[in-house]
Amino acid sequence: MNPSIPHRPPAPSAPAAGPRRARRGRSRWAAAALAAALAAGLVSAVPGAASADTGTFRDPDLPLDTRVEDLLGRLTRAEKIAMLHQYQPAVPRLDIGPFRTGTEALHGVAWLGEATVFPQSVGLGGTWDPELVERVGDATGTEMRGFHVQDPAAHGLNVWAPVADPLRDPRWGRNEEGYSEDPTLVGEMATAYTGGLRGDDDFYLKTAPTLKHFAAYNIEADRDRVSVTVPPRALHEYVYPAFRPAIAAGNATGVMAAYNLINGRPAHVTPLLDDVRSWSEHDLMVVSDAYGPSNVANSQGYYDTHAESHAAMLTAGIDSYTDQDTNPSLTVDAVTEALEQGLITEADVDRAVGRSLSVRFRLGEFDPPERNPYSGITPEAIDTPQHRKLAREAALAQMTLLKNDGALPLDPESDTEVAVVGPLADTLYEDWYSGTMPYEVTPADGIAERLGEGGSVATAEGADRVTLTTADGRAVTASAEAGGGVLRAKEAGGGGEDARAISVFEWGEGVVTLRTEANGKVVGLGEGNRLYNDQEQPNGWFVQQLFRMEEVGDGEVVLKYAGYDTWNRKYVSVGEDGALTVDADTPEDAARFRVDTLVSGTDAAVEAVSGADAAVVVVGNMPFINARETDDRESIELPQAQRELVEAVTAANPNTVVVLESSYPQAVPWAQEHVPALLWTSHAGQETGSALAAVLFGDHNPAGRLPQTWYRSTDDLPAMHDYDIIHSGHTYQYFEGDPLYAFGHGLSYSTFEYGKPRLDRRRIGAEGTVTVRVPVTNTGERDGDEVVQLYTHQNRSRVAQPIQELRDFERVHVEAGETVTVELEIDAADLAFWDVTRGREVVETASHDVLIGSSSADIRRRTQIEVKGERIPPRDLTETTRAADFDRYSGIAIADETKADGMAVEGSAGDWIAFDAASLPSRLSGFTAQAARAQEGGAALEIRLGSPEGRLLGTAEVPSTGGKYTYEEVTTALTRPGAGHGDVYLVFTGDLRLSEFALTKR
């Protein structure tokens, strides 16, 4: 969330990129380019300010480090401290203007007014087209420059995008913000999008992209208090590969710290930020999330004072504090106090401020405009015809055909009477991080435009139209004024049926929205906690247009307000003046309403589709409801009302197509079995309807591919907090169940045949590369795109390996009857995994299956390669072993060894950690460990062989140490296990922490 805009404000072409593989791993700051850039200098001055200062920092021909150091030397301590806040103040004496970090640009520029709105990020991930995504990023960066000219102080060029968190669980409320569950695909898309945002100059930045949210952020419930356990393998094999590529390529200029705690420590003070900095050749600017700095001492309670927490954040690597909106006083006071207490030094402040200044230099702030290739961009670059065309191209590219039993494509000559029904049939929705669409082409609009005058489109929303009547016979009545008014219970007969008619839209989990037909506006909470019909659609940070209808018997209901401002979640009463007000604490205190149905939404939809040449049912989610920032989904099933609508329409019209317009995967097993055709699209922006119509009528051959696994049921998912996919067995890499739709799935109106792959070599070393060439023939009658996907599986390993893992892919256009040869690569380095026994990446000696196909489940060709790497030796537990470097575990959590650094294992009775294939010398005699126990009394660690219930070798008693950070040495003698190798288990008998241990021998 952007702290400066806690509530959403009211609405007021680039050349194609080069080959993907040429871009992968490429640093825009290669040595020669870097030397040239440093010699060339930096960026533009305050607009309109004629600088009287001719100091070194304004000399564009000097190296960046020299200029940053010079400017730091001219700033007072107070000025530098002030620059640590998100809103960096101007320094008039140096002709330096204000600077603001954090403009949202997730899929187009957000919150600043009308701008080109591209598909949601999950939709961009579904394109599997990095070149296209880079062009979207380029257009977004250009529009951001245009907005910056309008208001340089408010419209900052440090953009907070994209989200690089892998989408490990489809229930995550912010699923729409990410690209994929697969870190390789995420890394490709993030590199592409940031490449467009930062521009193609070797030194100057069009914008400064910041990746969100580092790290392991995938849960909204108690997001600022939950600690996520991420073992070393999950960290290095799942988290880092998603974030690293855009940083290593020189495209992203920083990361944002996440709200959650990771392994017991707030992400804002994690030493893992040092790893992020190691990926780049340049200073990165690490920013906090909104109110994240306050959280460390407040909701997280990790430090007692803000001075302590701010000092810890500064030394951990936070460079910009996003806190208290525009008020910097907490940040300034906390850092000043930390300096006075000696918790930090001025050098720490200089280091952080220098990093943000380096980004400001590269954005062109301190250089003559003629030196900056982006200084000439004006507001005319916003919402251009070229960008509108690109928005349509992106919307088309992400359309994903899930099923087709011949119903598609529709024939515009014979399918001329089309019924478009469902709650999303004739509307488009924005999401929290969306810009304001300059125009909207809804599904019904797009189909009507495609059919032209010779066709007809009937619509029905599938929502029940009802009246609400109080126990004393008064009807809830709405204002017909365009601006709405207070809903009131009035005597029957007043205002006519339209004044009393309310359309009820059900979005799942019992949540509904209410639209009054008197003026077509949505009902929401307003002044005095009264209900007003004054909103176009659900909106705002607190989404104050949500309700639940709770049955209370005798055919009556009470209305419970269900907005995101949870402190207001009371029931609706009817006042003496008839006004509906949210002020009743219990259902017993609330007004009771009889619900009378004027029109059944399902019946109206059935009537619309009966006799039509084709029925298109558009269902899905409203992005402000049941899954968005601060709210995870409880289930992945389609809402009941929508399921019933789909079933009824399918029964009424055999030529039914279901369009799932949603921000996340949904479980639709009934539809997969019974509906002739299903199509998925994200909320794809202003051109959604035109793109959908082009696919439905065959003007465009769909080629989107799912960037996530679609499970059959919520029951297929692990506990929401279980981040470690290796442990939980999820995402396509580890899921052994039967998904509804596999990762990478997507159909076409064409068919493609894969020829025998040719490998340039079949044996490589740990640093080698295999090039795979596979001929792909379009055996259909339509030109189309195919997404060729290459996976590998390691056949022999010391550790549990993924079932398969994406290594490369290519979206390629193939004309009907033609063959193209697709070239893919396998880098041996990408086959590495994290070896917990030695704390480094390793490429094992092993054979690998090479799997080439159209999805992770549709493998067309197989071959093998042999990799000559190394063999991991048996684990030597007589060396000091970190407890968190286990191989397997049950029940435990990884915790912070100290507030500053280190990982410990925290367990309770029955929890265990295992260390596989350990060398067990015959002279083994004892066990020594560093353990802590905050509770009174004692607990113990059992050392067992073979299983958690296996042979007991010894028991180490752990007394109370007085604190969870107070470690003491505990020991025990061991019975001899017998020479050889075995799996060693450490079983907890009570609450304690273990940081490290060793087996001892005589």
Side-chain angles (χ1 to χ4, degrees), residues 225-232 261-267 269-272 296-297 300-305 308-309 311-312 315-316 343 836 839 877-915 918 924-944 948 952-975 984-1001:
R225 294 182 292 278
V226 66
S227 179
V228 182
T229 289
V230 188
L261 296 89
I262 177 170
N263 294 334
R265 187 178 292 108
V269 296
T270 179
L272 300 178
V296 177
Q300 294 170 342
Y302 199 72
Y303 287 97
D304 293 331
T305 69
E308 292 174 294
S309 66
T315 54
L343 301 175
V836 293
L877 296 182
T878 64
E879 298 288 337
T880 299
T881 300
R882 301 295 300 173
D885 286 332
F886 49 71
D887 288 290
R888 292 173 292 113
Y889 61 99
S890 176
I892 59 89
I894 297 181
D896 49 335
E897 183 178 11
T898 70
K899 285 184 180 294
D901 202 2
M903 292 188 293
V905 172
E906 184 175 65
S908 300
D911 296 348
W912 54 263
I913 52 178
F915 300 82
L924 198 63
S925 61
F927 172 87
T928 302
Q930 293 294 319
R933 176 173 163 82
Q935 298 85 351
E936 294 294 328
L941 282 167
E942 296 178 343
I943 301 90
R944 293 183 177 270
L952 179 64
L953 302 182
T955 301
E957 300 293 335
V958 181
S960 173
T961 63
K964 62 183 180 180
Y965 298 127
T966 305
Y967 292 86
E968 294 182 1
E969 183 175 279
V970 298
T971 63
T972 185
L974 298 181
T975 61
V984 174
Y985 287 75
L986 303 183
V987 182
F988 293 66
T989 69
D991 295 340
L992 60 91
R993 285 187 173 189
L994 175 66
S995 65
E996 60 186 28
F997 71 94
L999 304 183
T1000 58
K1001 52 188 177 181

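- The side-chain contact (heavy atoms from CB on, under 4.5 Å) check on T315 picks up I344, D348, with sequence neighbours excluded.
- Distance check: E969 CD to E996 CD gives 9.5 Å after rounding to the nearest 0.5 Å.
- Taking CG from L986 and CG from L953, the interatomic distance works out to 10.0 Å, rounded to the nearest 0.5 Å.
- Rounded to the nearest 0.5 Å, atoms NZ (K1001) and OG1 (T878) are 4.5 Å apart.
- Residues A297 and S309 approach most closely at CB-OG, 4.0 Å, considering heavy atoms.
- For S960 (side chain) and Q935 (main-chain N/O), a donor-acceptor pair under 3.5 Å exists by modelled atom type.
- Considering only heavy atoms from C-beta on, Y967 comes within 4.5 Å of R993 through its side chain.
- Heavy-atom minimum distance, A883 versus F915: O-CZ, 3.7 Å.
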May I have the list of side-chain donor-acceptor pairs in residues 886-893 shorter than 3.5 Å, sequence neighbours left out?
| from | atom 1 | to | atom 2 | distance (Å) |
| --- | --- | --- | --- | --- |
| D887 | OD1 | R798 | NH1 | 2.7 |
| D887 | OD1 | R798 | NH2 | 3.3 |
| D887 | OD2 | R798 | NH2 | 2.9 |
| D887 | OD2 | R875 | NH1 | 3.0 |
| D887 | OD2 | D916 | N | 2.8 |
| R888 | NE | D916 | OD1 | 3.4 |
| R888 | NE | D916 | OD2 | 3.1 |
| R888 | NH1 | Y985 | OH | 3.0 |
| R888 | NH2 | D916 | OD1 | 2.7 |
| R888 | NH2 | Y985 | OH | 2.8 |
| Y889 | OH | D724 | OD2 | 2.7 |

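- Smallest separation of non-hydrogen atoms from A884 and P232: O-CD, 3.4 Å.
- Counting all heavy atoms, side chain and backbone alike, A939 lies closest to G990 at CB-CA, 3.7 Å.
- Of the inter-residue distances, the one linking Q930 atom CD with T880 atom OG1 reads 9.0 Å to the nearest 0.5 angstrom.
- Residues passing the side-chain contact (heavy atoms from CB on, under 4.5 Å) test with T966, sequence neighbours excluded: T961.
- Geometrically, K899 engages Y303 in a cation-pi contact, judged by NZ or CZ lying under 6.0 Å from the ring centre and within 45° of the ring axis.
- Checking each of L952, T955, L999 against L974 for a side-chain contact (heavy atoms from CB on, under 4.5 Å) leaves exactly one that passes, namely L999.
- When all heavy atoms of T989 and A940 are compared, the closest pair comes out as OG1-N, 2.8 Å.
- Taking 4.0 Å as the cut-off between side-chain N and carboxylate O, E897 and R882 count as a salt-bridged pair.
- Taking CD of E957 as the start and OG1 of T971 as the end, the distance is 10.5 Å to the nearest 0.5 Å.
- Side chain of R265 to main chain of S227: no donor-acceptor pair is present (N/O by atom type, distance under 3.5 Å, no hydrogens or angles).
- Taking both residues in full, the closest heavy atoms of L994 and A929 are given as CD1-CB, 3.5 Å, listed atom of the first, atom of the second, then distance.
- A donor-acceptor pair under 3.5 Å links the side-chain atoms of T881 to the main chain of E879, judged by distance alone.
- When each of V230, D896, T229, V226 is tested with I262 by the rule side-chain contact (heavy atoms from CB on, under 4.5 Å), just one qualifies, namely V230.
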